[in-house]
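This chain uses plain numbering: 1 for the first residue, then up along the sequence.
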Amino acid sequence: MKYDPRKCGALCTQCPLQGSPVVPPEGPPDSPWVFVGEAPGPSEIKFGRPFIGPSGVKLEEMLEKHGWKRKQVYITNAVLCRPEVPITVMSGAQRFNSKNYMQWLHAENKVQKKLGRPQLRSPFECCAPRLLNELEQHEEAALAAGYPNGAVVQPLGNFAAMTILDWKSPTGIMKIRGSVYGLQLRDEEPSE
Ligand code: SF4
């Protein structure tokens, strides 16, 4: 059955990336390890699978070092479509950089506001309900499968961390590296 992000809570009809190819999550739904990347890259879009480009190779190497295989972990992204700055604004690979996309969106919304038009929503905001639902379901499945701590969710990069933590981490992932949050994550302070 074809994966439909809207069934998991994604607000696709309000998202500026609506209509773009969707790269669904992958992996056992009750794995104790969940990795959340930022957005699909070109290889991921081409093959419709998350983390299969250079970042996927690094992830697999890291997993192997710790005795895990890719097929044992759950992999998803903060947004399931690829943010893309319009070619009329920017060219080259920089168009697909999420930070550049958000800066473009901000500038575009200033223009929309001046023209009295509705603001464009952030794709990260539109996809967040889907991600958080997925994480909650995953936590329950991991507990039911006998993992006493449930699922351990690891954001890979700023946008993943900020989406999971409801944008409470504007200072960047390096500042929260090593911190542990409970899965009622949005309302909690980190423990040591
Ligand atoms: S990024 Fe998420 S919310 Fe936006 S269209 Fe893709 S799946 Fe839907």
*Asks:* Roughly how far, to the nearest 0.5 Å, is the CZ atom of F96 from the CD1 atom of I45?
*Replies:* 9.5 Å
*Asks:* Between N109 (side chain only) and L120 (backbone N and O only), is there a donor and an acceptor less than 3.5 Å apart?
*Replies:* yes
*Asks:* Spell out, as yes or no, whether a donor-acceptor pair under 3.5 Å connects the side chain of T163 to the backbone of A128.
*Replies:* no
*Asks:* Not counting sequence neighbours, list each pair that qualifies as a salt bridge (charged side-chain N to carboxylate O under 4.0 Å, His left out) and has a residue in residues 98-110.
*Replies:* none
*Asks:* State whether E26 and R70 are salt-bridged, where the test is any N-O pair (Lys NZ or Arg NE/NH1/NH2 against Asp/Glu carboxylate O) under 4.0 Å.
*Replies:* yes
*Asks:* Does F35 offer a backbone N or O that forms a donor-acceptor pair with the side chain of Q154 under 3.5 Å?
*Replies:* no
*Asks:* Taking all non-hydrogen atoms of both residues into account, name the closest pair between A160 and G37 and its distance.
*Replies:* CB-O, 3.5 Å
*Asks:* In Å and rounded to the nearest 0.5 Å, what is the NZ to CG distance from K113 to L115?
*Replies:* 12.5 Å
*Asks:* Rounded to the nearest 0.5 Å, how far apart are CD of E64 and CG of L59?
*Replies:* 10.5 Å
*Asks:* Once you measure the plane-to-plane angle for W33 and W68, does it fall in the parallel (<30°), tilted (30-60°) or perpendicular (>60°) bin?
*Replies:* perpendicular
*Asks:* Pick from V23, V79, L80: which one makes a side chain to side chain contact (heavy atoms under 4.5 Å, CB included) with P5?
*Replies:* L80
*Asks:* If you define the side chain from C-beta out and look only at heavy atoms, does anything of M162 sit under 4.5 Å from P155?
*Replies:* no
*Asks:* What is the distance from atom CZ of R130 to atom CG of L11, rounded to the nearest 0.5 Å?
*Replies:* 11.0 Å
*Asks:* Please round to the nearest 0.5 Å and tell me the distance separating atom SG of C126 and atom CZ of R121.
*Replies:* 4.5 Å
*Asks:* Does L156 belong to the same Ile/Leu/Val/Met/Phe/Trp/Tyr cluster as L63, with side-chain heavy atoms less than 4.5 Å apart forming each link?
*Replies:* yes
*Asks:* My understanding is that only residues two or more places apart in sequence, or in another chain, count here; which of them pass side chain to side chain donor-acceptor pair (under 3.5 Å) with N97?
*Replies:* none
*Asks:* Whether the side chain of E136 engages the backbone of N133 through a donor-acceptor N/O pair (distance < 3.5 Å, no angle test) should be reported.
*Replies:* no
*Asks:* State, yes or no, whether a side-chain contact exists between S122 and M102 at a heavy-atom distance under 4.5 Å.
*Replies:* yes
*Asks:* Between W104 and M90, is any pair of side-chain heavy atoms under 4.5 Å apart?
*Replies:* no
*Asks:* Output the distance between atom CD (E60) and atom NZ (K71), rounded to the nearest 0.5 Å.
*Replies:* 11.5 Å
*Asks:* Checking side chain to side chain contact (heavy atoms under 4.5 Å, CB included) against V34, which of V73, V152, V153 comes through?
*Replies:* V153
*Asks:* Quick one: does any side-chain atom of S55 pair with a main-chain N or O of F51 as donor and acceptor, under 3.5 Å?
*Replies:* no
*Asks:* Say whether, by atom type as modelled, one donor and one acceptor occur between the side chain of Q119 and the main chain of Q112 under 3.5 angstrom.
*Replies:* no
*Asks:* Would T76 and E134 count as having a side-chain donor-acceptor pair, cut-off 3.5 Å?
*Replies:* yes
*Asks:* Within the distance-only criterion (no hydrogens, no angle test), does the side chain of E84 pair as donor or acceptor with the backbone N or O of R95 below 3.5 angstrom?
*Replies:* no
